Amino acid sequence: MIDLRSDTVTRPTAAMREAMANADVGDDVLDGDPTVRALEAVTAQLLGKEAALFFPTGTMANQAAIWLHAEPGTEALCDARAHIYDWEGAGAAVLRGVQLRPVTPVGLTIRADDLRRGLREPSRFAPRATLLCLENTHNGAGGAVTRIAELQAVADVGREAGLRVHLDGARLWNAHIATGTPLRDFAATADTVMVSFSKGLGAPVGAALAGDASVMHAAWEVRKRLGGGMRQSGIIAAGALHGVQQHLSRLADDHRNASAFATLVDGHGGARVVAPDTNIVMIDLAPGQHADLVVTRAKSAGVAISAWSGTRLRAVFHLDVSREASLAAGAAIAAALGG
Ligand SMILES: *Cc1c(COP(=O)(O)O)cnc(C)c1O
């Protein structure tokens with residue numbers, strides 16, 4: 001089966017498993033685990049931040065960021081299709097008592113003008129906004145990259161309105177590889193940045209939150225409260241470190257494979273493919289086609305793909321999908337779409 005459902009399905013390579021097996025470890029909650037510390041130092045350095053903290057998941061790191069920046073009873077603004085809004089179980093509301101205010105963009109992702117429209121006039125009655133959450137690349141928008149100038153412009157509008165800025169950069173690695181913009185430049189637009197190790201980098205587990213040392217000091221306590229204090233976590237941090245060191249530049253292969261697949265699929269059965277910026281391909285079906293049916297047909301042809309909605313399919317390219325498999329999948333999906 002060629003599994004294009006997500007870039008989370010990758011399994012650790014033999015070399016990654018070896019790095020994990022041989023990791024130097026200690027009790028991270030008591031003393032700090034040496035491999036976790038090494039990963040945190042490398043991540044902070046890459047992102048140009050003072051400090052980074054290892055988290056079990058990106059979701060927990062995003063929720064910790066919301067906790068750090070937004071007080072209960074205030075509002076955090078985000079893109080209407082943000083992971084924080086769509087896929088985190090209303091965590092902001094449940095865990096921190098923070099209301100999310102989704103901003104619907106005119107284009108693929110929120111820009112400065114969208115945010116200006118989304119901000120409320122300050123009033124005694126309206127919730128006070130404290131935080132802006134941005135996402136780059138944008139998962140719900142098909143892995144779209146927000147270029148650095150746009151990202152800076154939208155963050156600036158937030159700052160002028162007195163908001164802190166958190167960047168959900170689960171796939172910031174892909175934005176960096178697709179544009180050549182240094183990770184630290186993207187990260188500089190935000191107070192805190194989350195990056196994931198278990199997406200394109202291919203590690204089995206892990207994410208990090210990076211920011212100023214004082215904020216990350218407070219983040220340690222929030223992570224503990226959320227149940228994310230991990231003991232000999234060097235075992236998993238070693239996989240993440242291996243991913244950062246060995247699998248970052250190869251993300252360009254995933255982008256090329258996504259693009260080749262998109263070309264093979266576009267137009268078949270009247271479907272329209274959103275030209276991919278990175279490793280995610282969204283396929284909009286022709287009227288009358290149903291996503292579940294195409295998914296079933298693709299599965300019997302050996303390709304697993306997800307139904308993003310009733311009329312949209314999502315295919316994601318990653319470490320475990322070769323060039324050859326990408327081309328074979330393109331042909332199979334074209335056939336499943338009906339010629
Ligand atoms: C996957 C993802 C997350 C959450 O990461 P987990 O490690 O799966 O909790 C957050 N934001 C975006 C944009 C993601 O794609």
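Throughout, residue positions are numbered sequentially from 1 according to the sequence presented. Counting convention: from 1, in listed order, for ligands and their atoms alike. What you are looking at is a predicted structure, and each value in this text was computed from that prediction instead of being measured.
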Query - Per-atom contacts, ligand 1 versus M194 - under 4.0 Å to a heavy atom - result: 10 (C), 11 (N)
Query raised in the report: With no hydrogens and no angle check, is any side-chain donor or acceptor of D266 less than 3.5 Å from a backbone partner on V273?
Result: yes
Query raised in the report: Using 30° and 60° as the class limits, which term best fits the ring planes of H247 and H242: parallel, tilted or perpendicular?
Result: perpendicular
Requested in this report: Identify, by atom number and element, the atoms of ligand 1 in contact range of N62, meaning under 4.0 Å from any of its heavy atoms.
Outcome: 10 (C), 11 (N)
Requested in this report: Please identify which atoms of ligand 1 are closer than 4.0 Å to at least one heavy atom of R171.
Outcome: 15 (O)
Query - Protein heavy-atom partner closest to atom 9 (O) of ligand 1 - residue, atom, separation in Å - result: T59 OG1, 2.6 Å
Requested in this report: Write out the residue and atom name of the closest protein heavy atom to atom 13 (C) of ligand 1, then the distance separating them to 0.1 Å.
Outcome: E135 OE2, 3.3 Å
Query raised in the report: So, the side chain of T137 versus the backbone of A175: is there a donor-acceptor pair under 3.5 Å, distance only?
Result: no
Query raised in the report: Considering only protein heavy atoms, which is closest to atom 7 (O) of ligand 1, and at what distance to one decimal place?
Result: G58 N, 2.8 Å
Report summary line: D168 heavy atoms within 4.0 Å reach ligand 1 at atoms 10 (C), 11 (N), 12 (C), 13 (C)
Query raised in the report: Within the side chain of R223, is there an N or O that forms a donor-acceptor pair under 3.5 Å with the backbone of A64?
Result: no
Report task. Run the ring-centre check on H83 versus H138 and record whether the distance is less than 6.0 Å. Result -> no
Query - CZ/R101: more than 12 non-hydrogen atoms of other groups inside 6.0 Å - result: yes
Query raised in the report: Which value, rounded to the nearest 0.5 Å, describes the distance between M16 atom CE and T10 atom OG1?
Result: 7.5 Å
**Report entry** Atoms in ligand 1 flagged as close to T57, the criterion being non-hydrogen separation under 4.0 Å
**Finding:** 7 (O), 9 (O)
Query raised in the report: Among the heavy atoms of K199, does any lie under 4.0 Å from an atom of ligand 1?
Result: yes
Report summary line: ligand 1 atoms nearer than 4.0 angstrom to some heavy atom of A170 are 2 (C), 11 (N), 12 (C), 13 (C), 14 (C), 15 (O)
